[in-house]
Amino acid sequence: MPVSTTWRNLRKICNLHIFATPKLDANQYLRRSKVEQLLAGVRESSLIGEAIEIRQAAFKTTLSLISNTIFSIDLADSTHASEEFREIVQGIMEELGKPNFGDYFPIANLDLQGIRRRVAILFRKMMDLFDKMVDERMELRRMNDYISTDDFLDILLQLSHQGNSEKLDRNLIKHLILVDLVIGAIETTTSTLEWAMAELLQNPKVLQEARGELKQIIGEGNLVEESSITCLPYLQAIVKETMRLHPSFPLLLPRKAEADIEIHSFVIPKGTQLLINAWAIGRDPKFWEEPDLFRPERFIRSEMDVKGRDFGLIPFGGGRRICPGLPLAMRMLHLMLGGLIHSFDWKLENNITPESLDMKDKYGLFLHKAQPLRIIPISN
Ligand code: HEM
């Protein structure tokens, strides 16, 4: 969506009703219980020495965290509708993970591999499923004894009835929730978690250092809480270092020059589409010492953050289009990563060594790890 009054309103609503600190604090218990479920599942695998595909586990947990946070439904449960929904979201992820040659040749509607057509079909199915959920909610809302869940869906429906939010119709609500919030959140968070675990398995000393910090600050047997994240500088540094090397949206959102502009003696004419290469910036040897090495220590005594102010590290973008989901993403990532490495030690399967672990990436709309990471949890 281009910058417009509707875009501004939607961002305002999202910031106020989902991403504001008091809102996130109020529903942190939901995320806590979902991370507990994740760890319980991992524990079962650890008892039989079974490898876990981190992407799958992270996908399910992130979907559950997001759907609970936004519309109080657990899309990771085993009902038929949730399973169907999950399959569709996974199908969309797979299609969006493929490079679409049409994107590099700006010829109208070029869709050589049929990706756009297949994604359109999946989106339609997802919208239809979600329509049923919205219908059910509207029916509940009409009942006299309805007690508001006070979740984001309820707030959007309420605002759309008050008519004080320009053009907040049902179609817009569906697109905002499903496309921007569900799809935007899941792939990025899942992929970042998978990269973080892969980097830790490739760098066992970093993993041990992180486990040491968690043991000292959180204590054995306790769960990492959102309120403890600020006391875990090494864990935070691992997340930043992962995002420096593996930004999920390597080219951010495309920009368009609103006027002719000159930058460092390059003239950029009005209307030019601009892509910002966050991936290359994160690996620029002029800026980063030994840029290809995973060294979280570089952030330990540094003020540098991912909030869009430090242009050397912009995995969430910057300026007015900066990712609005940043505060939620950071909570989810630290909770899941902290939980996984605090409660378990990990080893690679099939005698793979840290040196031979395949770290190749694959670029579609997002930057994924090409080979799914499969690792074996070992209970403490
Ligand atoms: C590790 C996790 C995430 C990463 C790395 C990430 C990264 C990004 C980036 C790079 C952009 C474009 C910013 C720009 O071009 O300046 C973006 C936009 C966006 N992100 Fe995220 N994101 C993450 C998680 C989330 C989550 C959890 C949500 C919501 C629940 C979310 C919702 C959005 C939305 C709605 C936009 C579009 C904003 C607009 O159009 O103005 N993201 N994200």
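Whatever order the structure lists them in is the order used to number ligands and atoms, beginning at 1.
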Handout entry: Numbered atoms and elements of ligand 1 in range of Arg11, under 4.0 angstrom, heavy atoms
Key = 38 (C), 39 (C), 41 (O)

Problem - Heavy-atom nearest option to atom 1 (C) of ligand 1, drawn from Thr190, Leu275, Thr192 - result: Thr192

Completion exercise
Looking only at protein heavy atoms, what sits closest to atom 12 (C) of ligand 1 is Leu253 CG, 3.4 Å

Completion exercise
atom 27 (C) of ligand 1 sits nearest the protein heavy atom Ala185 CB, 3.4 Å

Handout entry: Element-labelled atoms of ligand 1 that are located less than 4.0 Å from some non-hydrogen atom of Ser248
Key = 5 (C)

Handout entry: Heavy-atom nearest neighbour in the protein, as seen from atom 25 (C) of ligand 1, with distance rounded to 0.1 Å
Key = Cys323 SG, 3.6 Å

Practice task
State if Met243 counts as touching ligand 1 under the rule of any non-hydrogen atom under 4.0 Å.
Solution key: yes

Problem - Proximal atoms of ligand 1 relative to Gly318 (non-hydrogen, under 4.0 Å) - result: 16 (O)

Exercise for the section: Test the Arg244-Trp288 pair against the cation-pi criterion, namely NZ or CZ under 6.0 angstrom from the six-membered ring centroid and within 45° of the ring axis. Expected result: yes

Handout entry: For atom 33 (C) of ligand 1, the option (of Gly184, Pro324, Pro327) bearing the nearest heavy atom
Key = Pro324

Exercise for the section: Taking side-chain hydrogen bond (donor to acceptor under 3.5 Å, both in side chains) as the test, write out the residues that go with Arg141, two or more places apart. Expected result: Asp154

Practice task
For side-chain hydrogen bond (donor to acceptor under 3.5 Å, both in side chains), just list the numbers for Thr192 and Thr189, CA-CA rounded to whole Å, side-chain angles, deciding distance to a tenth of an Å, and then say yes or no.
Solution key: CA-CA 5 Å; Thr192 307; Thr189 312; over 6 Å; no

Practice task
Might you confirm whether atom CD of Glu262 has over 12 heavy atoms from other residues, nucleotides or ligands at distances under 6.0 Å?
Solution key: yes

Completion exercise
When distances are taken from atom 24 (C) of ligand 1, the protein heavy atom at minimum range is Thr188 OG1, 3.4 Å

Problem - Side chain proximity check, Glu241 to Arg298, heavy atoms < 4.5 angstrom - result: yes

Practice task
For Arg320 and ligand 1, answer yes if some heavy atom of the residue is under 4.0 Å from a ligand atom, otherwise no.
Solution key: no

Practice task
Mark yes when over 12 heavy atoms from residues, nucleotides or ligands other than Lys174 sit less than 6.0 Å from its NZ; otherwise mark no.
Solution key: yes

Practice task
May I ask whether Met1 places a heavy atom under 4.0 Å from ligand 1?
Solution key: no

Exercise for the section: Flag yes if more than 12 heavy atoms outside Asn351 fall under 6.0 Å of its CG atom; otherwise flag no. Expected result: no

Practice task
Any chance you could measure Met93, atom CE, to Glu187, atom CD, to the nearest 0.5 Å?
Solution key: 5.0 Å

Problem - Heavy-atom nearest neighbour in the protein, as seen from atom 7 (C) of ligand 1, with distance rounded to 0.1 Å - result: Pro315 O, 3.5 Å

Handout entry: 4.5 Å side-chain heavy-atom contact, Gln273 and Leu275
Key = yes

Problem - Per-atom contacts of ligand 1 with Gly317, taking only distances under 4.0 Å to non-hydrogen atoms - result: 10 (C), 13 (C), 14 (C), 16 (O)

Handout entry: Identity and separation of the nearest protein heavy atom to atom 4 (C) of ligand 1
Key = Phe316 CE2, 3.4 Å

Problem - Atom indices of ligand 1, in the order listed, that fall short of 4.0 Å to a heavy atom of Trp7 - result: 39 (C), 40 (O), 41 (O)

For residues 64-71, please give each side-chain donor-acceptor pair under 3.5 Å, one per line with the distance, not counting sequence neighbours.
residue : atom : partner : partner atom : Å
Ser64   : OG   : Asp74   : OD1          : 3.0
Ser67   : OG   : Leu63   : O            : 2.8
Ser67   : OG   : Ser64   : O            : 3.4
Ser67   : OG   : Ile73   : O            : 2.7
Ser67   : OG   : Leu75   : N            : 3.1
Asn68   : ND2  : Ser64   : O            : 3.0
Thr69   : OG1  : Leu65   : O            : 2.5

Exercise for the section: Nearest heavy atom to atom 15 (O) of ligand 1 wins, so pick from Arg255, Met332, Arg321. Expected result: Arg255

Fill in the blank from the handout: Candidates Phe19, Phe152, Phe249; heavy atom nearest atom 8 (C) of ligand 1 found on Phe249

Exercise for the section: Taking only heavy atoms of Asp180 into account, list the atoms of ligand 1 that are under 4.0 Å away from them. Expected result: 32 (C), 35 (C)

Problem - Ala58 backbone acceptor or donor facing Thr62 side chain under 3.5 Å - result: yes

Exercise for the section: Please answer whether the main-chain N or O of Lys286 pairs with a side-chain N or O of Asp284 as donor and acceptor at a distance below 3.5 Å. Expected result: yes

